Amino acid sequence: MNHSTIEPQVGGGPAAGSQAPASPDTSPIPASAAPTGPLAPIAPAAPFAEAKARLSAVVDEARDEILGLSHRIHADPEPAFEEVNAAADIATVLRRHGFAVEHPAGSLATAIRATLPGGRGGASPRIGILAEYDALPGLGHGCGHNTMAGSGVGAAIALAAIAEELPGEIVFLGTPAEERGSGKAIMIAEGLFEGLDAALLFHPCDRSHVASQPLASEDVEIVFRGLQAHAAADPWRGKNALDAMILLFSSVGLWRQQLPTHARVHGIIQEGGTAANIIPDRTRAWFMLRSPDQAEYESMKTRFRALVEGAALATDTTAEVTFSGGAMTMHVNESLEARWVANAAAYGIVDQGADPSSGSTDMGNVSWVCPTIHPELAIAPEGTPGHSILFRDAAATPAADNTTVLAAALVAQTAYELFADPELVAAAWRDFRGDSGTPG
Ligand SMILES: [Zn+2]
Ligand SMILES: [Zn+2]
């Protein structure tokens, strides 16, 4: 590891270390910033350091292509299932680098499956490089998925450049609708993940860590239906669907006292009536329920339905509840995580440990299909909230660009280890099968 080439860039917060260049050996706080210059001069971690250095050199050469893609997607944010321009852009770049591109892939118009066989032949291993590219409605790339598109494509470009010396197959999966709808769950159901030996990606964060504990989660749409009436002249003839909605929010607020600390329930009202002088006959809300425990999650779901029914009963309205887009907890793969941490350490990235609290991701669903990691690297000062304007703006800064390029190299290097070392593939599968086998 060559610390002298590393300069802290994004560690602005008190917990992220000093802004001044300092040796991580003397700093009590780990540095977590990506190198600011080319990666090629920095010696990668063993094993296969020579091949890994060639991969990072290809990533350096493709820097403009990688960051061009990231910035174009950042400037043109498209929400879940509508990532038309992003997907077309990604497909074009992959074709340019020799991939056979299926786009759309399966039933999702903005999904991509691109493959490139290794020159050494054989069906295995098949290593999946994943990329997300959906934005948040009304916010833009507040989760920084533009950097994931750039790094995923960058890793694919690097591996394609040395495909002649690889066995098996490089499989790039462009996975839409992470923020809502769990696009990966749909792609899994349609067989697009079949035959994979591993699934790798990178997600931007305000800290750097490979371990994560995403929550089981679903979207819930609730529609209350009542009866319109004049709100002053004869309100007693109406049935107030907004009252039902307000009761539901009150019930959820009281329910929180009985929920375990790590469970989450949160929602917004999307339709709350049309005018103050009309008793609302229809209201609609979008809730999300989340839990780190799949079994506990199922009981939350039952209770939530009861709260909706209670609100309808109290207001003489009717209710319709629709669950969709289930994301699962993460099936941890320690063998793959260890390789990522080692590869990242060569570039001065010290793993800071899992975030104390977490959101949800459909990468959890993938983790129950094949060995999977969900590593995160800092693109913003520690403490920058996710899903915010601050994080959105951070996702197109020079610090984010450096991290995006580093992530491309690390995904490619970790994939290379899997291509080159059948024992690592076997160990990853042993980890996969070694746990309980059911989401927990
Ligand atoms: Zn995200
Ligand atoms: Zn997000």
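All heavy atoms count here, side chains included; hydrogens, waters and symmetry mates do not. Numbers here are sequence positions counted from 1. As the structure is a computational prediction, the values presented were derived from the model and not from experiment. Just so you know, ligand 1 is whichever comes first in the structure, and atom 1 is the first atom listed for that ligand.
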Exercise. Answer yes or no: does atom CD of E194 have more than 12 heavy-atom neighbours from other residues, nucleotides or ligands under 6.0 Å?
Key: no
Quiz item: Is the distance between the ring centroids of F287 and H266 under 6.0 Å?
Solution: no
Practice problem: Would you mind naming the N, O or S atom of H145 nearest to the Zn ion (ligand 1)? | Solution: NE2
Quiz item: Considering only N, O or S atoms, which atom of H387 is nearest to the Zn ion (ligand 2)?
Solution: NE2
Quiz item: Any donor and acceptor pair, going by atom type alone, linking the side chain of D206 with main-chain N or O of G383 inside 3.5 Å?
Solution: yes
Quiz prompt | Proximal heteroatom of H203 relative to the Zn ion (ligand 1) (N/O/S) | solution = NE2
Self-check item: Metal site the Zn ion (ligand 2): N/O/S of E179 inside 2.8 Å
Solution: yes
Quiz item: Is a side-chain donor or acceptor of H374 paired with a backbone partner of S212 at a separation under 3.5 angstrom?
Solution: no
